[in-house]
Protein chains: 2
Amino acid sequence: MTRANDMPPTAAKSTVENIQEELLRRICFLEYPPGTQLKEAELARDFGVSRTPVRDAIARISHLGLVETRNGVGTVVIALSDEDIRHVYDMRLQLAPMIGTLSPREITDEHRQICRALLCEAHALRDRFDAGLYIALNHRLHRLIASLIGNTALRAFWWQTYYQAASIWYHVGLAAETEVTNALVSELSEIDSALAIGDVAAVGHIQRVHIGYGYARIQKHRPGHPHSPR
Amino acid sequence: MTRANDMPPTAAKSTVENIQEELLRRICFLEYPPGTQLKEAELARDFGVSRTPVRDAIARISHLGLVETRNGVGTVVIALSDEDIRHVYDMRLQLAPMIGTLSPREITDEHRQICRALLCEAHALRDRFDAGLYIALNHRLHRLIASLIGNTALRAFWWQTYYQAASIWYHVGLAAETEVTNALVSELSEIDSALAIGDVAAVGHIQRVHIGYGYARIQKHRPGHPHSPR
DNA sequence: ATCAGCTAAGCTGCATACAGCTATACCGTC
DNA sequence: GACGGTATAGCTGTATGCAGCTTAGCTGAT
């Protein structure tokens with residue numbers, strides 16, 4: 001399939017791809033929390049381009065449902081409703097085991113090394129928590145998992161649900177630092193064990209388990225529903 | 001200076017949404033077979049707008065991987081590789097049973113009426129085959145199924161895989177008219193029975209079964225075996 | 001006849017100007 | 001003071017011109 005589906009294992013090339021990736025990063029890394037208004041002219045200045053490529057990038061991520069743009073008003077970052085979040089998590093719970101069953105990729109030493117490095121950094125996170133680092137680690141972990149998925153459609157869906165869910169559980173992560181850090185460490189060490197014996201299916205089931213844990217944490221620490229129109 | 005607002009309450013879709021939908025229709029209905037070059041200027045003339053909304057529409061469907069646009073060259077409709085097709089079908093086989101398990105919608109009499117109408121028209125198709133009608137029936141059937149899916153993420157994925165697979169099995173349909181017509185009739189009558197007793201899960205499994213049949217037909221009639229002149 | 005190099009045509013990518021829509025603040029009226 | 005209509009600011013939607021990239025085809029030397 002085209003490289004439009006699988007996200008960025010390597011660096012994107014064209015201008016709008018860069019902007020697209022950066023916008024997604026800022027949204028799911030909570031630099032643009034729900035309710036933020038994305039002004040095309042302003043973003044255009046930020047990126048040093050005209051409104052056209054910015055509009056293009058926004059159009060390309062519109063299918064994720066993370067932003068909504070209304071004529072004459074503006075483009076705002078959406079806060080997913082509780083029901084939407086449940087739907088996304090239900091979907092992820094179903095997708096996770098497929099990682100090991102639908103054309104999984106072969107595990108290489110590179111995978112193992114990346115996982116080992118992530119585990120090491122996650123340990124460091126226990127001593128001194130850093131929100132940005134926590135988010136970055138999760139993102140790299142997700143990239144690692146995605147690189148084990150051989151089925152193109154599944155990999156695309158895995159990314160889509162990740163982007164949809166990310167901003168939510170990163171938000172929770174900031175409210176329960178030690179809890180999520182310990183969860184990340186144990187998830188990584190389990191994955192490390194699975195990678196050691198080359199068992200992709202195990203990785204899928206580990207994901208399945210920890211997605212369940214993550215959803216439970218969301219329900220526990222969810223902020224007192226401020227205003228989530230939909 | 002308020003002018004009379006006598007707009008019909010039904011048509012409220014934006015220009016680019018219309019173009020987007022029409023492009024997808026033309027691609028998966030094989031009016032734009034793989035290899036077709038989509039020239040922005042030409043499409044703009046067709047739709048009576050400038051290049052801008054056309055570009056916007058193309059950008060919005062780019063994530064499906066059905067078109068690929070390269071700078072200086074053009075935008076062409078992609079022919080999915082055999083492996084991609086297999087991946088999409090593997091995915092659809094997994095998604096189908098979820099229709100009945102992930103927040104299914106309640107079946108209403110409207111659903112039953114639509115299904116009955118489709119079944120009736122499919123019967124008529126047996127007497128006199130018409131490619132356009134066959135494709136349109138399948139499309140309406142897909143809309144019916146999608147309207148039973150309550151999980152937002154699943155519904156979105158269901159549509160995505162449909163668009164990705166549609167052009168393939170519509171292509172096969174043109175080479176095995178009576179076979180696909182009979183398959184459509186039996187699929188519709190099975191769904192009719194499931195709707196009658198309000199069993200959405202059954203609908204999901206019926207889909208699962210017929211997706212399997214569809215993939216088998218693709219492998220049977222795929223270019224390479226039957227008619228290979230020169 | 002062959003091939004390197006060049007030229008021109010045609011496409012997308014980008015910038016910019018303008019039109020249209022929406023929400024808000026303002027102002028005159030009651 | 002309350003209210004309805006209106007002007008206005010700011011945003012997105014659209015049209016258009018130009019620049020850059022790519023390819024095909026032509027030309028001329030070998």
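Reminder, nothing fancy here: chain letters follow the sequence lines and each chain counts from 1. Basis for what follows: all heavy atoms, side chains included, without hydrogens, waters or symmetry-related copies.
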Q: If you measure only the distance, is there a donor-acceptor pair under 3.5 Å linking the side chains of Q160(B) and Q160(A)?
A: yes
Q: Could you state the CZ-P distance from R45(B) to dA15(D), rounded to the nearest angstrom?
A: 14 Å
Q: Is any side-chain nitrogen or oxygen of R51(B) closer than 4.0 Å to OP1 or OP2 of dT14(D)?
A: no
Q: Kindly point out which of dA15(D), dC21(D), dT23(D) is positioned nearest to the side chain of N71(B)?
A: dC21(D)
Q: dC14(C), dT14(D), dC11(C): which one has an atom nearest the side-chain heavy atoms of T52(A)?
A: dC14(C)
Q: How do V73(B) and G74(A) order along DNA chain D: which one's closest nucleotide is nearer the 5' end?
A: G74(A)
Q: Between the base of dG13(D) and the side chain of R70(A), is there a donor and acceptor pair under 3.5 angstrom?
A: no
Q: State which residues pass ring pair (Phe, Tyr, Trp, His ring centres under 6.0 Å) with Y163(B); sequence neighbours excluded, sorted by chain then number.
A: W159(B)
Q: Distance check needed: dT12(C) C1' versus D56(B) CG, whole Å only.
A: 15 Å
Q: Given atom CZ of R55(B) and atom C1' of dG13(D), what is their separation to the nearest angstrom?
A: 15 Å
Q: Nearest-Å distance, CD (E17(B)) to P (dT12(D))?
A: 17 Å
Q: For dC14(C) and T15(A) - does any side-chain N or O of the residue sit under 4.0 Å from the phosphate oxygens OP1/OP2?
A: yes
Q: Rounded to the nearest angstrom, tell me the gap between atom CG in L43(B) and atom C1' in dT14(D).
A: 17 Å
Q: Nearest whole Å is fine: how far is dA24(D) P from Q37(B) CD?
A: 11 Å
Q: Take the protein atom NZ of K39(A) and the nucleotide atom P of dA9(D), then report the distance between them rounded to whole Å.
A: 16 Å
Q: Say whether D84(B) and S81(B), considering side chains only, have a donor N or O and an acceptor N or O under 3.5 Å apart.
A: yes
Q: Take atom CD of E42(B) and atom C1' of dG10(C), then tell me their distance rounded to the nearest Å.
A: 12 Å
Q: Hey, does the side chain of T69(B) come within less than 4.0 Å of dG13(C)'s phosphate (OP1/OP2), counting only N and O?
A: yes
Q: Counting only side-chain heavy atoms from C-beta out, which of dG13(C), dT16(C), dA15(C) sits nearest to E40(B)?
A: dG13(C)
Q: Could you check P53(B) against T75(A) and say which one's nearest nucleotide on DNA chain D is further toward the 5' end?
A: T75(A)
Q: Look at the side-chain N and O atoms of S50(A) and state whether any lies under 4.0 Å from the OP1 or OP2 oxygen of dA15(C).
A: yes
Q: Under 4.0 Å from OP1 or OP2 of dG13(D): is there any side-chain N or O of S14(B) that close?
A: no
Q: Check whether R51(B) reaches the backbone of E40(B) with its side chain - one donor and one acceptor, N or O, closer than 3.5 Å.
A: no
Q: Under the ring pair (Phe, Tyr, Trp, His ring centres under 6.0 Å) test, which residues partner F29(B), sequence neighbours left out?
A: H139(B), Y170(B)
Q: Answer with base, sugar-phosphate or nothing: what part of the nucleic acid does I58(B) contact at a heavy-atom distance below 4.0 Å?
A: nothing
